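Shown next, in structure tokens, is the structure this report addresses.
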Amino acid sequence: MASNSTKSFLADAGYGEQELDANSALMELDKGLRSGKLGEQCEAVVRFPRLFQKYPFPILINSAFLKLADVFRVGNNFLRLCVLKVTQQSEKHLEKILNVDEFVKRIFSVIHSNDPVARAITLRMLGSLASIIPERKNAHHSIRQSLDSHDNVEVEAAVFAAANFSAQSKDFAVGICNKISEMIQGLATPVDLKLKLIPILQHMHHDAILASSARQLLQQLVTSYPSTKMVIVSLHTFTLLAASSLVDTPKQIQLLLQYLKNDPRKAVKRLAIQDLKLLANKTPHTWSKENIQVLCECALQTPYDSLKLGMLSVLSTLSGTIAIKHYFSIVPGNLSSSPRSSDLVKLAQECCYHNNRGIAAHGVRVLTNITVSCQEKDLLALEQDAVFGLESLLVLCSQDDSPGAQATLKIALNCMVKLAKGRPHLSQSVVETLLTQLHSAQDAARILMCHCLAAIAMQLPVLGDGMLGDLMELYKVIGRSATDKQQELLVSLATVIFVASQKALSVEVKAVIKQQLESVSNGWTVYRIARQASRMGNHDMAKELYQSLLTQVASEHFYFWLNSLKEFSHAEQCLTGLQEENYSSALSCIAESLKFYHKGIASLTAASTPLNPLSFQCEFVKLRIDLLQAFSQLICTCNSLKTSPPPAIATTIAMTLGNDLQRCGRISNQMKQSMEEFRSLASRYGDLYQASFDADSATLRNVELQQQSCLLISHAIEALILDPESASFQEYGSTGTAHADSEYERRMMSVYNHVLEEVESLNRKYTPVSYMHTACLCNAIIALLKVPLSFQRYFFQKLQSTSIKLALSPSPRNPAEPIAVQNNQQLALKVEGVVQHGSKPGLFRKIQSVCLNVSSTLQSKSGQDYKIPIDNMTNEMEQRVEPHNDYFSTQFLLNFAILGTHNITVESSVKDANGIVWKTGPRTTIFVKSLEDLYSQQIRLRQQRAQQPLQQQQQRNAYTWF
């Protein structure tokens with residue numbers, strides 16, 4: 001996460017540089033608001049949302065909204081409409097308005113206008129502000145009054161405001177429910193107004209009694225007004241109310257199924273299907289076996305493809321949830337619940353080969369989900385049906401490059417990945433089908449199929465060297481033109497080739513790829529293929545591709561970035577020459593690798609910019625360098641048993657000191673240092689993991705594997721040499737049972753298990769330190785380094801971006817100046833913050849709460865030392881706050897009893913939805929100068945004056961004695 005701490009523009013006194021920027025921007029807009037030209041006024045109003053995005057703190061937002069309220073009060077209706085749109089766009093900033101009363105007072109004054117349009121805009125404005133003024137009785141009264149207006153525009157605005165206030169306020173919802181009911185049932189109310197009033201009832205979910213009365217009214221409406229529009233609006237409102245109140249969801253499912261089954265109107269059936277889909281997504285656990293059975297019967301009986309498609313989409317949604325297990329659960333005494341004999345399976349089998357692609361896709365998805373979730377032995381027929389259905393759909397859609405066909409193909413390919421993961425024995429046939437179809441498919445379909453192949457092969461090692469020939473033939477055929485699809489296909493197919501060749505690429509394969517890239521590809525395609533090679537561990541190929549790109553970039557930052565990637569690939573390539581039992585060559589390989597890594601880190605540092613500091617990349621590479629140096633040091637330590645054996649008196653020294661390990665000589669202390677070093681590296685990898693809030697799961701797993709490598713070696717040193725008696729292997733025993741999501745992880749887990757078995761077999765068998773022990777450690781290091789390092793996505797690309805901006809109040813005019821506080825008073829430190837997101841907020845994880853830690857340290861004392869309780873000497877506080885609309889605020893009360901300059905540090909970390917704490921930052925520092933209060937100063941001066949005559953008298957007495 002990018003730490004982006006800013007100076008506060010919330011200071012009570014004094015302004016920082018950013019404050020001037022915000023103020024000048026606001027003054028510029030204020031100048032536009034005061035202009036006599038309507039166009040300039042409107043332009044100034046519509047620029048306010050951009051200002052709120054740039055400076056999202058309350059002091060500016062409060063001032064800006066008060067200015068907008070003034071414009072709303074005195075401007076014409078068009079300006080009021082512009083202010084309304086700005087308010088609706090800036091909904092997340094409304095709670096930052098500090099003077100809510102004054103703001104609402106200026107807005108509300110327009111409600112008494114004689115112009116019904118002005119009143120209507122004011123009502124919509126009040127409705128938009130419902131989240132911050134839910135219990136304003138004057139607003140409630142105005143809305144109720146305006147519902148009886150004779151002007152249609154004003155009534156529609158009152159309906160909008162009533163809906164918004166009903167969602168926020170229980171009192172308003174209870175009060176307005178009867179009024180809405182009377183208007184809907186009244187004969188004088190036009191039908192189009194009734195249709196607008198009915199959706200307000202969806203917000204009557206604040207308590208059970210209110211929800212029940214709203215349901216009764218809706219039930220009457222559905223019965224009393226059988227026209228299509230009324231039934232559709234009433235049923236949909238019914239569904240939304242049930243989804244919010246949760247109590248009546250099963251009844252609502254039954255009601256919708258009843259309309260789907262019995263109502264002859266297609267529009268009503270479509271609405272019922274749409275609402276059933278909504279309930280299937282939101283509350284799948286409330287669907288009973290009977291509900292699914294009725295839906296299957298309706299789908300089997302309907303002659304209309306559009307309705308069948310809708311019903312199957314509901315069933316395909318349910319088939320991926322807990323509802324499918326309820327459907328196939330065997331009730332005692334009822335043996336007809338077998339998956340093979342159910343209507344759901346019958347329906348899916350019928351639809352798999354339907355001439356409508358959408359129906360076929362949903363049928364295949366239902367079959368796939370049943371096959372994966374029902375873990376029964378006799379599902380061979382279902383498995384075959386699913387595979388055959390997927391194959392036919394693949395053949396059908398791969399020949400068509402229309403958007404509909406591509407969407408259907410994506411569904412089929414997702415089902416293939418899910419089937420291969422859930423039923424691994426089917427993966428080989430699925431992969432062979434994909435490879436066969438690749439040759440005849442359209443380019444757009446080929447790209448999707450390559451993604452599918454790579455996804456399956458990452459999870460299961462199903463792409464062998466035997467299939468590499470087909471892929472290479474295909475690679476030669478494609479890429480005849482430089483279109484975007486061809487470029488994308490080159491990248492996708494190269495990824496599959498890298499996954500298929502588990503070890504180093506052969507010379508022929510590299511030659512074919514390079515030849516194709518030279519003929520038709522652009523630089524961006526080459527970079528993407530090189531990036532995939534780095535992810536898959538094909539560093540020799542990646543190095544050559546990065547080298548070819550160095551002269552094709554215009555920016556020196558890009559040049560240094562590519563140069564660093566080339567050096568890292570070269571460094572990892574040096575480690576491919578490692579051989580077991582050959583420790584001297586291992587040392588030279590590591591030394592050579594370190595040389596290129598040091599070159600690479602220098603280039604990487606040069607590639608970083610203030611806007612893109614590359615902090616994760618630099619830290620990851622530094623840790624890799626330190627890890628390689630630690631490995632090299634451990635091998636040298638192991639070799640020192642031969643080059644510097646223990647002295648003859650080592651046994652006597654060991655007996656004298658009572659430490660049996662001392663008989664091994666200096667190697668025992670060196671081993672202890674190595675173990676501590678590996679534990680320190682593991683701790684640093686843990687810190688990097690905690691700082692990578694925006695990283696994808698594969699990158700985080702990669703960091704975790706590096707940490708486990710360090711812990712494994714430190715455990716091996718402890719178990720073999722330092723403390724063989726107390727070494728335990730139980731906590732490491734379950735390592736191999738975890739499911740590996742990539743070939744790199746599989747190979748690393750295999751190495752871990754092998755090393756642990758070797759260590760366990762040697763443990764307590766030989767007295768430490770023997771050559772067997774040192775050989776075991778060296779072989780473990782070589783085995784770990786022989787697995788090519790994978791540079792995961794976050795090293796190259798950040799898909800999620802989250803940053804926290806903090807503002808402290810009070811804040812000094814100049815950051816170097818301290819804030820003055822008297823020592824008998826406490827400082828109220830207000831901490832405000834804004835969570836800022838990139839283009840894809842919450843892609844991998846979301847912020848649940850922000851943890852703010854405030855600590856103070858004494859920098860320099862001034863005045864005399866007093867005996868002060870230890871509690872008053874330091875401040876160490878922590879608070880958790882939950883951001884609302886990406887904004888949070890809290891206060892700390894700090895004590896500075898000791899005179900002098902104190903350094904206050906505010907550090908933030910975040911907690912995600914899973915309860916994991918991430919040390920994301922930022923870290924902000926301010927200085928406080930604690931001054932002596934006036935009363936204490938006077939007392940001290942009096943005491944000093946009183947002591948001076950006494951001291952002089954004592955001096956005279958001393959002279960008289962002499």
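Keep in mind that what you see is a predicted model, and the values were worked out from it rather than measured.
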Quiz prompt | side-chain contact (heavy atoms from CB on, under 4.5 Å) between Gln399 and Ser440, worked out | solution = CA-CA 7 Å; Gln399 310 299 327; Ser440 57; 3.6 Å; yes
Exercise. Take Phe844 and Tyr794, measure what side-chain contact (heavy atoms from CB on, under 4.5 Å) needs, and give me the verdict at the end.
Key: CA-CA 12 Å; Phe844 301 121; Tyr794 192 61; over 6 Å; no
Quiz item: What do the steps show when you test Ile322 against Trp287 for side-chain contact (heavy atoms from CB on, under 4.5 Å), and what is the final call?
Solution: CA-CA 9 Å; Ile322 191 71; Trp287 285 70; over 6 Å; no
Exercise. Might you work through the side-chain contact (heavy atoms from CB on, under 4.5 Å) test for Met748 and Gln708, ending with a clear yes or no?
Key: CA-CA 10 Å; Met748 289 297 279; Gln708 287 178 3; over 6 Å; no
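In this structure, a donor-acceptor pair under 3.5 Å is present between the side chains of Asn369 and Lys418. Donor-acceptor pairing under 3.5 Å is recorded for the side chains of Tyr327 and Gln293. Side-chain contact, Ser398 with Gln437: a donor N or O sits under 3.5 Å from an acceptor N or O. Between the side chains of His362 and Ser316, a donor-acceptor pair is found at a separation under 3.5 Å. Donor-acceptor pairing under 3.5 Å is recorded for the side chains of Asp443 and Gln486. Counting only N and O atoms by type, the side chains of Thr525 and Asn522 include a donor and acceptor under 3.5 Å apart. Under 3.5 Å, the side chains of His326 and Ser288 contain no donor-acceptor pair of N or O atoms. Looking at Thr371 and Glu383, their side chains never bring a donor and an acceptor atom within 3.5 Å of each other.
With respect to Lys308 and Asp305, no salt bridge is recorded, no charged nitrogen being found less than 4.0 Å from a carboxylate O. Under a 4.0 Å N-O distance rule, the pair Glu488/Arg446 does not qualify as a salt bridge. By the 4.0 Å N-to-carboxylate-O rule, Arg845 lies too far from Asp694 to be salt-bridged with it. Under 4.0 Å is where a charged nitrogen must lie from a carboxylate oxygen, and between Lys92 and Asp886 at least one such pair does.
Within the 4.5 Å cutoff, side-chain heavy atoms of Phe693 are placed close to those of Gln800. When side chains are defined from C-beta on, Met541 does not count as touching Ile529, because their heavy atoms never get closer than 4.5 Å. A heavy-atom distance below 4.5 Å is not found between the side chains of Ile847 and Lys911. In this structure, Gln442 and Lys485 have side chains that are not in contact, with every pair of non-hydrogen atoms separated by 4.5 Å or more. Within the 4.5 Å cutoff, the side chain of Cys351 has heavy atoms near those of the Leu312 side chain. Considering only heavy atoms from C-beta on, Ser492 comes within 4.5 Å of His451 through its side chain. Counting heavy atoms from C-beta on, the side chains of Phe388 and Thr433 never come closer than 4.5 Å. Side-chain atoms of Asp248 and Lys251, non-hydrogen and from C-beta on, do get closer than 4.5 Å to each other.
How far CG of Leu260 is from CG of Leu295: 6.5 Å, rounded to the nearest 0.5 Å. Of the inter-residue distances, the one linking Asn702 atom CG with Arg535 atom CZ reads 10.5 Å to the nearest 0.5 angstrom. Note that the CG atom of Asp912 and the OG atom of Ser849 stand 9.0 Å from one another [nearest 0.5 Å]. Between the CD atom in Gln252 and the OG1 atom in Thr286 there is a gap of 10.5 Å [rounded to 0.5 Å]. If you take CZ on Phe791 and CD on Gln532, they are separated by 14.5 Å, rounding to the nearest 0.5 Å. Annotation: the span from Leu493 atom CG to Met449 atom CE amounts to 11.0 Å, rounded to 0.5 Å.
Using modelled atom types, one side-chain atom of Gln406 and one backbone atom of Asp400 make a donor-acceptor pair closer than 3.5 Å. Side chain of Ser750 to backbone of Arg746: no donor-acceptor contact under 3.5 angstrom is found.
The two residues Asn281 and Pro284 come nearest to each other via the heavy atoms O-CD, 4.0 Å. Closest of all the heavy-atom pairs between Leu241 and Leu201 is CD1-O, 3.7 Å.
Tyr259 does not carry Lys269 over the face of its six-membered ring by the limits of under 6.0 Å from the centre and within 45° of the normal.
Trp918 has its ring centre less than 6.0 Å from the ring centre of Tyr689.
Screening Asp343, Thr302, Ile292, Leu347 against Glu297 for a side chain to side chain contact (heavy atoms under 4.5 Å, CB included) leaves a single residue, Asp343. When each of Val430, Leu413, Leu419 is paired with Ile456, the side chain to side chain contact (heavy atoms under 4.5 Å, CB included) condition holds for Val430 and for no other.
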